[in-house]
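Below is one structure, written out as structure tokens; the observations come after it.
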Amino acid sequence: MAAVTVDPATRHATVVERVLDWYAVHARDLPWRRPEATPWQVVVSEFMLQQTPVERVREPWRVWVERWPSPAALAAAPSGEAVRAWGRLGYPRRALRLHRAAVAITKEHDGQVPADRETLLRLPGIGAYTAAAIASFAFGRREVVLDTNVRRVLARVDGGVAFPAASQTVAEVAAATAFVPDEPERAARWAVAVMELGALVCVARSPRCDACPVQDLCAWRAAGHPAWDGPPRKGQSYDGTDRQCRGALLAVLRSSDEPVALGELAAAWPDEAQRTRCLASLVADGLVVAPTAEHVALPG
DNA sequence: GATGCGTGGCT
DNA sequence: TAGCCAAGCAT
């Protein structure tokens with residue numbers, strides 16, 4: 001097999017070349033990827049895409065960036081409006097963090113989204129992945145953009161296993177870095193392209209290996225697609241959890257333009273002990289305020 | 001490092 | 001059907 005006898009650098013370059021060619025043909029047309037997309041629009045997309053599928057983000061993103069076209073515009077709005085506009089995207093603390101990031105960008109960065117990964121990392125709601133993604137997608141920087149899609153693709157193509165480890169290791173980052181082209185513009189295209197491959201072809205459940213541009217270079221395929229033999233991935237339960245309760249309570253507040261009487265919340269979640277606990281946690285998070293002893297609302 | 005945090009589509 | 005999974009972050 002020629003593929004296994006070539007040197008690693010050539011192999012990496014071949015994988016990159018193939019994935020870039022595939023992306024040029026198969027990339028989805030996502031508005032935040034268009035050339036005219038602003039850094040702020042990229043920031044909004046990245047917050048919304050944290051743990052939320054692309055197709056559910058499209059419409060809320062469109063409405064959001066039209067309403068708040070700059071960090072300053074969002075910073076000037078009440079945080080509760082950000083939470084309301086978040087709608088049913090899930091994990092509403094992200095809306096609050098995005099609002100806080102907008103305030104920080106407005107106050108500390110002259111209203112301009114920072115281009116530097118280290119600076120981005122200091123903003124609320126921006127971790128290692130999002131900082132690298134914004135620097136790469138919005139500013140064309142050379143970054144190691146390692147999200148769940150890329151981790152899975154590299155686990156298979158490079159590592160020969162079905163899934164990446166639960167937690168990211170130094171070795172994994174080093175392995176990913178070896179694929180990143182030197183030239184920033186090409187590196188940025190690689191980042192978005194390999195992520196797209198993971199989202200459309202090298203998916204978690206039923207990968208479409210026959211449509212994969214690097215199927216002949218894939219270590220997992222060469223090994224016969226061995227099943228995942230690592231520790232079972234922890235499934236997230238939901239029914240009856242505080243997360244479901246918080247979601248139900250917040251849904252009531254989003255739908256009301258006025259403070260809601262505590263009694264009204266009982267209809268949304270009958271279990272009083274859990275309701276009280278979750279309401280307190282929502283207040284602690286800053287997602288809810290209590291204007292009177294008997295009423296709650298989204299923050300003004 | 002493990003856990004908590006929403007929501008909905010897919011198999 | 002009942003999990004599994006989705007461009008993670010903060011604590």
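Atoms considered below: every heavy atom in the structure, side chains included; atoms not considered: hydrogens, waters and symmetry mates. Residue numbers start from 1 in every chain, and the chains themselves are labelled A, B, ... in the order their sequence lines are given, proteins ahead of strands.
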Assert: residue with more 5' nearest nucleotide on DNA chain C, out of Arg28(A) and Leu121(A), is Arg28(A)
Contact list for residues 162-185 of chain A, test side-chain hydrogen bond (donor to acceptor under 3.5 Å, both in side chains), sequence neighbours left out | Arg151(A)-Glu172(A)
Between dC9(C), dT7(B), dC5(C), which nucleotide gets closest to the side-chain atoms of Tyr238(A)?
-> dT7(B)
Kindly indicate, with the supporting measurements, whether the criterion side-chain hydrogen bond (donor to acceptor under 3.5 Å, both in side chains) is fulfilled by Gln215(A) and Asp210(A).
-> CA-CA 7 Å; Gln215(A) 52 179 283; Asp210(A) 56 343; over 6 Å; no
Write down the distance between CZ (Arg243(A)) and P (dT3(B)), rounded to a whole number of angstrom.
-> 13 Å
Could you tell me how the ring of Trp86(A) sits relative to the ring of Trp64(A): parallel (under 30°), tilted (30 to 60°) or perpendicular (over 60°)?
-> perpendicular
Start at the 5' end of DNA chain B and walk down; is the nucleotide closest to Leu282(A) or to Ser206(A) reached first?
-> Leu282(A)
Separation of atom CG in Leu96(A) from atom P in dC5(B), rounded to whole Å = 16 Å
Looking only at dC5(B), dA7(C), dC5(C), the nucleotide nearest the Ala204(A) side chain is dC5(C)
Determine the Euclidean distance between corresponding P atoms of dG4(B) and dA7(C); express it in Å to zero decimal places.
-> 23 Å
Expressed as a whole number of Å, how far does the C1' atom of dT1(C) sit from that of dG8(B)?
-> 16 Å
Check Phe137(A), Trp40(A), Trp61(A) against Trp32(A) for a ring pair (Phe, Tyr, Trp, His ring centres under 6.0 Å) and give me the one that passes.
-> Trp61(A)
Got a sec, which pairs hit salt bridge (Lys or Arg N to Asp or Glu O under 4.0 Å) with one end in residues 34-61 of chain A, sequence neighbours left out?
-> Asp29(A)-Arg34(A), Glu55(A)-Arg58(A), Glu59(A)-Arg62(A)
Rounded to the nearest angstrom, tell me the gap between atom CG in Leu120(A) and atom P in dC9(C).
-> 12 Å
Between the base of dC5(C) and the side chain of Arg205(A), is there any donor-acceptor pair under 3.5 Å?
-> no
Arg88(A) side chain near dG8(B) phosphate (N/O to OP1/OP2, under 4.0 Å) | yes
Of the residues in residues 139-157 of chain A, which ones touch DNA chain C at a heavy-atom distance under 4.0 Å?
-> Asp147(A), Thr148(A), Asn149(A), Arg152(A)
For DNA chain C, which residues in residues 35-58 of chain A have a heavy atom at a distance below 4.0 Å?
-> Glu46(A), Leu49(A), Gln50(A), Gln51(A), Pro53(A), Val54(A)
Output the residues of residues 127-136 of chain A in contact with DNA chain C, where contact means a heavy atom of the residue under 4.0 Å from an atom of the strand; sort by number or write none.
-> Gly127(A), Ala128(A), Tyr129(A), Thr130(A)
Is the Lys NZ or Arg CZ of Arg11(A) less than 6.0 Å from the centre of Phe179(A)'s six-membered ring, within 45° of the axis?
-> no
Report yes or no: does Arg84(A) contribute a side-chain atom to a donor-acceptor pair with the main-chain N or O of Ser256(A) at less than 3.5 Å?
-> yes
List in numerical order all residues of residues 244-264 of chain A for which some heavy atom is under 4.0 Å away from an atom belonging to DNA chain C.
-> none
Round to a whole Å and report the spacing from CZ of Arg93(A) to P of dG4(B).
-> 11 Å
Mind checking the C1' distance from dG1(B) to dT11(C)? Whole angstroms is fine.
-> 12 Å
Looking only at heavy atoms, which two atoms of Pro69(A) and Ala73(A) are closest? And how far apart?
-> CD-CB, 3.9 Å
